[in-house]
Amino acid sequence: MRSDGPDTARQAALQEPGLRDTPDPREPVALLFRDLRTSGRGLPDREAARRLAVYGPNTLARRGGRRWPRELAQQFTHPLALLLALAAVLAFVSGAPALAVAIVAVILLNAMLAFAQEQQAENAVEALASFLPEQATVVREGVRQEVAAMSLVPGDVLVVEEGERISADARLLSGGVEVDLSALTGESVPVFRSAELVDIEGSLLDARDLLFSGTACTGGQAQAVVTATGMHTELGRIAALSQRTRREESPLEHQVKRAARLIALVAIGVGLAFLPIGLAAGLSLAAAVSFAIGLLVANVPEGLLPTITLSLASGVRDLARRGAVVKRLSAVETLGSTTVVCTDKTGTLTENRMLATAVWTPHGEHAVDAPVDPPPEVRLLAATAAACTTAHPGVGHGDPTELALLDLAGRLDVACPPEQRDLDRRALFRFDPRIKLMTTADSEDGTVVLHTKGAPEEVLAHAGRLLDDGSQRPLTPADRAEVVHAVGTLAARGLRVLAVARRPLPPGQAPPERREEAERNLCLIGLIAMADPARPEVAGAITLAHRAEITVHVVTGDNGLTAAAIAGQVGIGHRGSRIVTGTELTAMGDRELDTLLARGEEVIFARTSPEAKLRIADALRAAGNTVAMTGDGVNDAPALRRADIGVAMGRSGTDVARESATMVLTDDNFATIIAAVEAGRRTYDNIRKFIVYIFAHAVPEVVPFLVFALAGGAVPLPLTVMQILAVDLGTDTLPALALGRERAEPGLMDRPPRPRGEKVIQRSMLARAWGFLGLISACLVMGGFLLTLTLGGWHPGDATGPGTALHLAYQQATTVTWLGIVACQIGTAFAARTERASLRSIGVLSNRHLLVGTGFSLMFAAVIVYLPPLHRVFGTAALSPAQLAIVAPFPFVVWGADELRRALVRRRTAAPVTPVPIAPGPPRPPAEVYGHHPVAVLLARHGWSAHQLHRALGVTERAAEESVARAHQIAAGHGRRTL
């Protein structure tokens, strides 16, 4: 019988003409359009939806079958699982099949728990992709629109722009782009692809008119027609032949596995060592083996690994809810040790919502929000700046600066629709971060006009004329000095300043082919000042970072004065700060850079290239720092990969940056970075808390066996192996998981970051778990056992086996021992909630997960103690109220003793003086530019000679030489050691 399911429908659709075979992407464009049944206007929406049903989503399918059987099998090869398996074999050989079955049940349940939690952790990380919707820009029916990348289909016309990932294989129709093909070829040097470069022979990857899924556009703009999607792309073919890489093991998990191996060796050693002691005490071989098995089981912390995995996964989910998408579980622990944050300014410290607030022309400064009609030169300034853009406000695409320029043009009633702007464009020289300029050639009334915008100092260097009262005149030294003064005044107010220039070409002249020809002899029109206010929450985050002894450096391509003003507003530079320009950084040797970063000051790296971030990250990591580095551009990718925590911007960042980063900020907010650091510290602390908890109750489980052996049988065995399994299986896991959700301890951000490579399990933790909490618990449970036996009429050496008069008293005594361990667990759990602080400071009842876990433990204990069918299984007996009264104080004794210990620790380590947080002060110019014009000195520090300053700015030769001398003095001071 034929089945007409979805797969059958898809196969039938693929038999339609034009869809049966993938067309050759190198055939002529006209034939390619015919085979794909599309055009330069793109597909209709209905046709795109139909093809999506035919071809399926543009995603890579997982190959190699389901992985869960292998991952589940791996849970049984862990050292702790193997140790328990050994105990089960010994129990079966020694004639205790019920005990063997119980141990095997523990192995199975722990494996299932660990497997389920690892799957939950992996799914939590994979599900975070929903926070980062992958978008693509297409043209459908002639209309440009944003669609989900997974909805691309063959025949779509794809718009490719700088910084975006290419989501499908495509043939270029117009334009040219630089492409990073490293994902396919391994070559890191970008290659140029253009619609005009047609290759019909050779490898597809070498064809200069083809683009491929998984690669990244590092420059330029183009349109292309999609030829293949999903598993039919070149990347899909590679993925089909590749095995999926294994999940990366975090350093924390590696340390814990090493500790688990050590625990296994210790448990085996202890069991083997005390086996002859039991035989020497007169025990039978079966009893001695049971004794050794008990020691093995008592030393195995079964819930350690699954609890750590779940704690890390919980940290990832918490960070995602706060706006930080962490792509690896291992990053959570690394965040807690961050010592240095290198942050961008725009969009991270500020709101990244540029708004033009003032303009400057030769007639002075003008407010643009006044209700009066603006002068003609102001309207021309706004129109020129709007023409020199590529942003599309209608689809939310574009740099915030360009969106602000388009908004300014609209407010001054000189707006040019982006569609008309793109039709009038004749040439584009995209923004170059090295020279800080962008130029377009646009048609105006039949002639071509060059429009340029960029850093004021660079526009001044390329300008020879000034627009004054509607006519052009030579740009005099006095004019240049006035422009410099205006730039300095606006920048010192924290405003970002752009200079705008234009140059009409003679009628009939074509646009220049070279950038150098276009950006010469420009006519300066004026300046546009834009406000990007600091985020209100950043100042508090900076204060918190300083309290946590985290240094914050600013790495920006903006003007040093503007960056210094914003940094001062949010409190960066509380121990002193300095501006270092890109030129000064390039001139520094590694030793000078190391000295600069070791001063303890917070540095503002201004006018730096994205490549400089890589060098800064290397220098900081070489000094032993754990570095978090922010970035959003294509060129930031190497630095993001090199930093310990690469932080990409989710809103303004490029796809390349987001893929290279460890963490993505969905809100682009610096405060989220510090919140993530705090969450990382809290998660790491919580891991240590439940390690202390899990290790602590091993002592009261081991001590009864030691007492039994050392007493030579005169003291009956206070605890059975089945009762130990009941502790590890029923009352141990939930409180441990609850400690992994503990809130932050007071003072968490008032202590220095933990050193790199610090062991998660430290001697102080073992001393607290084994030598204090565990020892107190062991004394209590042994005291309860002996007291119950004595009150029942027992004397050392009396028989307590089945059929004897003391057997019921013995069962009640072992039940008191077991219930005492459960009670001490509860006290230990509440004591472990803080490392140093008082429990009252975080709230005794604030951890509702622990309250639930405690309630479950008590109910489980009640079932074991009072349900008769379980008495034979676990060797327990119902207790009287008086016997319960023996156990009732145990939690309070354990918790109270540790509370006193923590109080003594706080008193011994209390600081004599509490530092007062330094509130951010008003913005102030940096000290190194006092006495000289700040812009002139900054330009000199960027490498401008005295001659260039004299010609470009119009300052006197003596003033120019003084500025250069002052710049050299500042640069020399950066790498000089201070006492």
Nearest 0.5 Å, please: how far is [atom2] in [Y] from [atom1] in [X]?
X      : Y      : atom1 : atom2 : value
Asp424 : Arg426 : CG    : CZ    : 6.5 Å
Leu498 : Leu495 : CG    : CG    : 11.5 Å
Glu27  : Leu36  : CD    : CG    : 7.5 Å

Only one of Glu444, Arg425, Arg503 passes side-chain contact (heavy atoms from CB on, under 4.5 Å) with His451, and that residue is Glu444

Just by distance, no angles: are the side chains of [X] and [Y] close enough, under 3.5 Å, to form a donor-acceptor pair?
X      : Y      : result
Arg421 : Thr389 : yes
His462 : Thr452 : no
Ser213 : Ser167 : no
Glu146 : Gln135 : no

Residues at least two apart in sequence or cross-chain that pass salt bridge (Lys or Arg N to Asp or Glu O under 4.0 Å) with Arg140, listed by chain then number, are Asp156

For the residue pair Val378 and Val359, what are the closest heavy atoms and their distance?
-> CG1-CG2, 3.8 Å

Qualifying residues under side-chain contact (heavy atoms from CB on, under 4.5 Å), relative to Thr556, sequence neighbours excluded | Lys345, Val554, Asp558, Ala563

All pairs passing salt bridge (charged side-chain N to carboxylate O under 4.0 Å, His left out) where residues 485-500 contributes a residue, at least two apart | Glu365-Arg493

